[in-house]
Amino acid sequence: MRHMRLTDWQKLPVSLTELCIDTTLRCGQSFRWRKSEEGEWSCSLNGRVLSLRQDQECLHYRAIFPAAAESLGAANTPLTPPPSVASTSFEPVLQDDEGTTALVKHYFNLAPNLTDLYEQWSSADANFKKKAPKFTGVRILRQDAWEALVGFICSSNNNIARISQMVEKLCIHYGPYLGDFDSKPYYDFPAPQALTGKEVEQHLRELGFGYRAKYLYQTALMVAGKEDDWLDNLRNPESPLLGQLAKSAGDMPEGGREGYRKAHEELLALQGVGPKVADCVCLMGLGWGEAVPVDTHVWQIAQRDYKFGKGKHSSLTKATYDAVGNKFRSLWGKEAGWAHSVLFTADLRAFSERLVAKIEVKEEFQDVKAELEGAAAEVETVVKSESAEQKRVKREFQEERSIVKIEEVVVKKRGGRQPGKRRRKA
DNA sequence: GGGGACCCTCGCGG
DNA sequence: ACCGCGAGGGTCC
């Protein structure tokens, strides 16, 4: 076991409309972030564990580093030396923190002004204008392309909870061990080479990956067999790797820029990568803002709000897929994929933060109950008038309820008042 | 280009 | 209580 070293909290001024990590880290972009009971988000990233909190004004962050970075991957890791010795053998704290600051700014893609972009998309599209206000601060992350590729190969015909578990298993079984913190082991994301062993496919099947086991193994083989920078060479030059210089990527035709189309096409050659997964990797891993992944959710949005689903585009064929992307690109422009993610998030069932936000403001359990009764009445009327939406609304409501229950537990733990009746046997 | 099959897990309705 | 069924950020053949 190797202990890890914790840096001090640092902060970056960011408003919640420019970045909301509670939304952004849960909306199915990355499947690795976890939120602790204390409300702290964490994820292993670039050889460290990054932790985050956010308040009205700032994003607060700190990192946990392996105690001896130079011995990473060594078979026989030496025991951690005593602190007096240890402090001299590491990089200086200042340097670590500098690196973490740059990583945070880079990973969260903080350069574009999201408020301005929302403004543009709203003036171009009444539907966006209607839906977006409850989902501000949804920002496309600049994830590692390989990690995005793996995550989205796992995503096919799957749900976010299971995808997250699968990705975690990959890190635990194949990722580099970073060290222990609070007597828990941490692992980074595995490189392609780590998944090329002959036994990998069978092992992943045993771990519950299903048919995606083969996709991951085959894709790892293919990527590992190419040049090391193959994937990163498909990046948008306007969105380069950390520390590299940005270059223009040209004007954008309806079908997207040349570099985007090239990247998309190359990715399609990989196992388990179809048009949707390729677009996810282009958008979230390679910095192509015009990539619009069309999945079942987006397809439903396109039918419900953008007049698809009839005539030539009655089913989601490849031609329809492209038409939906083109429609959104012509509507929202070069960052169409960013706008698409806002609407996608607004449609995600897992999102019930409207209620939770109210609870936090009120802080009173009785008020929450009143809120719930009111919500219940609302739901009933909706159900009566819109039978097509009946199931969806009901389920959404039930999920909101379950979140409220979690909040109740928190209130109780804090020594708040008891709920009284309605106690269930555990 | 359409339509199954595909791994697995969970929630729902009978 | 048990079971069949469909859906979950699709892709392959």
Side-chain angles (χ1 to χ4, degrees), chain A residues 23-33 135 138 140-141 143 147-170 200-219 222 264-265 267-285 291-304 312-325 328 337-351 383 390-402:
Chain A
T23 315
T24 299
L25 298 180
R26 286 195 300 146
C27 71
Q29 286 194 57
S30 167
F31 304 101
R32 284 206 302 130
W33 289 90
F135 297 91
V138 178
I140 296 296
L141 303 169
Q143 298 182 66
E147 179 184 332
L149 177 57
V150 169
F152 288 107
I153 285 176
C154 292
S155 78
S156 77
N157 205 359
N158 205 348
N159 57 69
I160 291 181
R162 186 171 163 221
I163 301 164
S164 304
Q165 284 180 10
M166 287 163 63
V167 170
E168 184 167 25
K169 283 177 183 169
L170 275 182
V200 168
E201 180 180 342
Q202 179 56 33
H203 183 218
L204 291 181
R205 275 202 175 261
E206 287 159 11
L207 289 174
F209 281 63
Y211 59 80
R212 302 167 199 83
K214 184 157 97 183
Y215 295 164
L216 290 177
Y217 172 64
Q218 301 275 7
T219 289
M222 290 183 75
H264 193 268
E265 188 187 334
L267 289 168
L268 285 181
L270 301 172
Q271 287 297 303
V273 180
K276 188 269 175 183
V277 170
D279 271 326
C280 286
V281 177
C282 283
L283 176 64
M284 300 165 205
V292 177
V294 182
D295 55 39
T296 52
H297 279 279
V298 177
W299 175 231
Q300 280 170 25
I301 293 170
Q303 293 177 86
R304 189 189 62 207
K312 189 166 48 164
H313 298 308
S314 55
S315 68
L316 189 48
T317 61
K318 181 68 177 88
T320 304
Y321 184 100
D322 292 338
V324 172
F328 287 154
W338 290 50
H340 134 282
S341 292
V342 176
L343 293 192
F344 172 82
T345 303
D347 231 49
L348 260 190
R349 284 176 186 154
F351 275 91
V383 164
Q390 187 167 341
K391 275 194 167 176
R392 205 177 76 80
V393 172
K394 262 187 172 170
R395 287 181 59 142
E396 212 165 82
F397 174 66
Q398 277 163 1
E399 282 182 16
E400 289 184 352
R401 247 185 125 80
S402 68

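Residue numbering restarts at 1 for every chain, and letters A, B, ... go by the order of the sequence lines.
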Between A/Ala161 and A/Gly272, who's closer to the 5' end of DNA chain C by nearest nucleotide?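 By nearest-heavy-atom nucleotide position, the 5'-most residue is A/Ala161.
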Please figure out whether A/Lys214 or A/His340 has its closest DNA chain C nucleotide nearer the 5' end.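 It is A/His340 whose nearest nucleotide is closer to the 5' end.
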Any donor-acceptor pair under 3.5 Å linking the side chain of [X] with the backbone of [Y]?
X        : Y        : answer
A/Arg162 : A/Gly208 : yes
A/Glu168 : A/Ser164 : no
A/Gln271 : A/Met222 : no

Please report the distance, rounded to the nearest Å, between [atom1] in [X] and [atom2] in [N].
X        : N      : atom1 : atom2 : answer
A/Arg162 : B/dC10 : CZ    : C1'   : 11 Å
A/Leu348 : C/dA7  : CG    : C1'   : 14 Å
A/Ile163 : C/dG8  : CD1   : P     : 12 Å
A/Lys169 : B/dC7  : NZ    : P     : 16 Å
A/Asn158 : B/dA5  : CG    : C1'   : 16 Å
A/Leu267 : C/dT11 : CG    : C1'   : 14 Å
A/His297 : C/dA7  : NE2   : P     : 13 Å
A/Tyr321 : C/dG10 : OH    : P     : 11 Å

Looking across every strand, which nucleic acid part, if any, lies under 4.0 Å from [X] by heavy atom: base, sugar-phosphate, or nothing?
X        : result
A/Leu270 : sugar-phosphate
A/Gly274 : sugar-phosphate
A/Arg205 : sugar-phosphate
A/Gly28  : base
A/Val273 : sugar-phosphate
A/Cys154 : nothing

Looking only at side-chain atoms of [X], point me to the closest of [options].
X        : options              : answer
A/Tyr215 : B/dG2, C/dT11, B/dC8 : C/dT11
A/Val277 : C/dG10, C/dG8, B/dC7 : C/dG10
A/Thr317 : B/dG2, C/dG9, C/dG8  : B/dG2
A/Asp295 : C/dG9, C/dT11, B/dC7 : C/dG9

Please work out the stems of DNA chain B from pairs that are Watson-Crick or G-U wobble with both distances under 3.5 Å, keeping only runs of three or more consecutive pairs.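 Only these stems qualify: B:3-6 with C:10-13, B:8-14 with C:2-8.
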Taking only the [atom1] atom of each, what is the distance from [N] to [M] in whole angstrom?
N      : M      : atom1 : value
B/dT9  : C/dC12 : C1'   : 22 Å
B/dA5  : C/dG9  : P     : 23 Å
C/dT11 : B/dG2  : C1'   : 14 Å

Only one of A/Ile163, A/Asn157, A/Thr219 passes side-chain contact (heavy atoms from CB on, under 4.5 Å) with A/Arg212; say which it is.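 Only one option passes, and that is A/Asn157.
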Are OP1 or OP2 of C/dG9 and a side-chain N or O of A/Ser156 less than 4.0 angstrom apart?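 False: A/Ser156 side-chain N/O out of range (4.0 Å or more) of C/dG9 OP1/OP2.
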Tell me which of A/Gln165 and A/Asn157 sits closer to the 5' end of DNA chain B, going by the nucleotide each one is nearest to.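 Result: A/Asn157.
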With A/Asp322 via side chain to side chain donor-acceptor pair (under 3.5 Å) - residues at least two apart: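 If we apply the side chain to side chain donor-acceptor pair (under 3.5 Å) test to A/Asp322, skipping adjacent residues, the hits are A/Lys318.
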Apply the test ring-ring contact (aromatic ring centres under 6.0 Å, His included) to residues A/Phe344 and A/Phe135: give CA-CA distance (whole Å), side-chain angles for both, the deciding distance (0.1 Å), then the verdict. CA-CA 10 Å; A/Phe344 172 82; A/Phe135 297 91; over 10 Å; no
Let's go through A/Met284 and A/Leu141 carefully: what are the C-alpha distance in whole Å and the side-chain angles of both, what is the deciding distance for side chain to side chain contact (heavy atoms under 4.5 Å, CB included) to 0.1 Å, and is it a yes or a no? CA-CA 6 Å; A/Met284 300 165 205; A/Leu141 303 169; over 6 Å; no
Step by step, work out the side chain to side chain contact (heavy atoms under 4.5 Å, CB included) result for A/Glu201 and A/Phe209. CA-CA 9 Å; A/Glu201 180 180 342; A/Phe209 281 63; over 6 Å; no
Write down the atom of A/Cys282, the atom of A/Ala291, and the distance for their closest heavy-atom approach.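 In terms of heavy atoms, the two residues are closest at CB-CB, 3.7 Å.
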